[in-house]
Amino acid sequence: MKTRITELFGIDYPIQCGGMLWIAKPELAAAISNTGAMGNLTSGNYNAADDLRAAVDQTRKLTDKPFIVNITTMPSIRLPVELLQDFFRVCCEKKVTAIEIAGAPVDTFLGREFIPMAKDAGVKVLHKVGTVKHAVHAEKVGYDAVTIAGFEEGGFPHKDNVSTMVLVPKVREAVNIPLLAAGGMADGRSLAAALALGADGVMMATRFLATKDSGVHPNIYKVLVEKTEADTALQLQTLLAGFGLQVRALKNEIMEKIAKIEAEGGDLSELLPLISGERARQVWQDGNAEEAMLTIGQSVGRISDIPTVAELVERMVREAEAALRSGLSVFSG
Ligand SMILES: Cc1cc2nc3c(=O)[nH]c(=O)nc-3n(C[C@H](O)[C@H](O)[C@H](O)COP(=O)(O)O)c2cc1C
């Protein structure tokens, strides 16, 4: 399956794992890259540049294939901008294949020197965006590729609530750089549809969370298989208004508490204990899915098993090829 994304990254299949805090670590990144897709090492898992350096080395021990490093460029107490700049420098020093930026653009948030720094190091830089306007900006300031994420996505979709189905062709018409479609992607039919809409590949996260290689608690796997597409909710519109974002996470007791606090005009001090990343880290390990804000996308409704990543990618490619072939035979009569 050759597309501009497989060519850009030097991978076999146009399938990329998205950033996943506490989940996208060396083991999962390498397992995905070893299938011929693109694994993700999420820098937010680490508290210091040296820790990310060690994680890159560890991933390279587990795979000799390309992987991408996610840097989430949002203001954070644990991850100040200076540390995010150091993460970017580590990626350039280690000459990783690519960096996935999620949040504010590199040129404005980290500094104008950073995209040229990556270009000098031969590191590709991709921006995950939620609007056509931001995709156009990414192309203008020199990103090598862009991911457009519709509001189906788990994590932090744009507040405009536009679906992947509408955004992918709009972005395809607006930019020339390679394009990944994200939000709601779960299988080979998603991949075929994304290619038909004009994307060069897909990025997905919830589907990779629901694999044996993510290593979460068995209760979480059960939740991922049982929950439907109607079991996620959007919240934090007030808290994240300044960034144009909101959160999509599994409906649970914590999300109900968050909704109540937001509706009553509560402030950050009330929300912080509920939305802290530390809570989520605990839940992925302990399995009590009511106890944290779990960023999961609507694609959870399309998950009915927990394969290995190798089984998942092999199946996706087979399904996508079949879907594309049957589509072609429909068109040609
Ligand atoms: C468990 C989990 C953790 C995530 N953590 C991050 C993160 O740290 N940084 C980020 O940019 N996106 C994060 N996301 C969002 C994904 O990278 C991706 O944009 C989104 O999940 C794609 O939609 P999908 O879940 O329907 O595939 C996370 C998603 C999940 C499921």
Side-chain angles (χ1 to χ4, degrees), residues 1 11-42 44-45 55-56 58-70 100 153-155 182-191 201-229 231-232 249-250 252 277 280-292 294-321:
M1 289 195 107
I11 54 177
D12 297 332
Y13 305 121
I15 302 168
Q16 189 220 302
C17 178
M20 282 193 276
L21 187 63
W22 311 135
I23 306 289
K25 294 190 284 197
E27 294 78 8
L28 182 63
I32 295 171
S33 290
N34 281 333
T35 68
M38 184 82 152
N40 192 306
L41 180 65
T42 297
N45 295 325
V56 169
Q58 195 188 340
T59 311
R60 283 191 169 145
K61 278 196 190 118
L62 301 172
T63 185
D64 57 2
K65 301 269 179 66
F67 57 91
I68 192 165
V69 177
N70 170 283
E100 175 190 55
E153 73 161 339
M185 301 295 145
D187 61 8
R189 276 187 280 178
S190 311
L191 174 55
V202 295
M203 179 272 266
M204 50 186 206
T206 303
R207 182 62 268 201
F208 280 121
L209 176 68
T211 61
K212 291 197 175 77
D213 303 77
S214 74
V216 293
H217 192 279
N219 288 352
I220 300 294
Y221 288 135
K222 194 162 172 284
V223 165
L224 290 167
V225 167
E226 286 175 359
K227 294 293 177 181
T228 75
E229 59 279 10
D231 288 326
T232 70
L250 194 71
N252 63 10
R281 191 216 290 253
Q282 205 61 43
V283 164
W284 299 129
Q285 288 166 15
D286 298 352
N288 185 347
E290 297 300 318
E291 286 289 309
L294 297 179
T295 51
I296 283 172
Q298 290 183 337
S299 53
V300 72
R302 303 206 54 228
I303 290 169
S304 55
D305 65 352
I306 306 294
T308 64
V309 289
E311 288 161 351
L312 175 68
V313 172
E314 185 274 326
R315 184 170 74 193
M316 268 186 84
V317 172
R318 196 166 20 87
E319 285 170 353
E321 283 171 347

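Counting from 1, the numbers follow the sequence of the chain as shown.
Minimum heavy-atom separation, S33 to P66: OG-O, 2.7 Å. A pairwise comparison of heavy atoms in A320 and L191 identifies CB-CD2, 3.8 Å as the closest pair.
No side-chain heavy atom of F208 sits under 4.5 Å from any side-chain heavy atom of D213.
In this structure, CG on L224 lies 11.0 Å from CG on D305, to the nearest 0.5 angstrom. The CD atom of E153 sits 14.5 Å away from the CE atom of M204 when rounded to the nearest 0.5 Å.
Contacts of R189 classified as salt bridge (Lys or Arg N to Asp or Glu O under 4.0 Å), with partners at least two apart in sequence or in another chain: none. Residues satisfying the side chain to side chain contact (heavy atoms under 4.5 Å, CB included) criterion with T228, sequence neighbours excluded, are A230, D231. For I306, the side chain to side chain contact (heavy atoms under 4.5 Å, CB included) partners are A210, K212, Y221, V225, not counting sequence neighbours. Under the side chain to side chain contact (heavy atoms under 4.5 Å, CB included) criterion, E290 pairs with N252, E253, N288, sequence neighbours left out. For A249, the side chain to side chain contact (heavy atoms under 4.5 Å, CB included) test picks out M255, M293, with sequence neighbours left out.
Partner T232 forms a side-chain contact (heavy atoms from CB on, under 4.5 Å) with one of T206, L294, I296 and no other, that one being I296. A side-chain hydrogen bond (donor to acceptor under 3.5 Å, both in side chains) with D187 is found for exactly one of R207, R315, R302, namely R302.
Within the structure, side chain to side chain donor-acceptor pair (under 3.5 Å) pairs that include any residue of residues 19-30 comprise E27-Q58 (at least two apart or interchain).
Remark: E226 engages K222 in a salt bridge, criterion side-chain N to carboxylate O under 4.0 Å.
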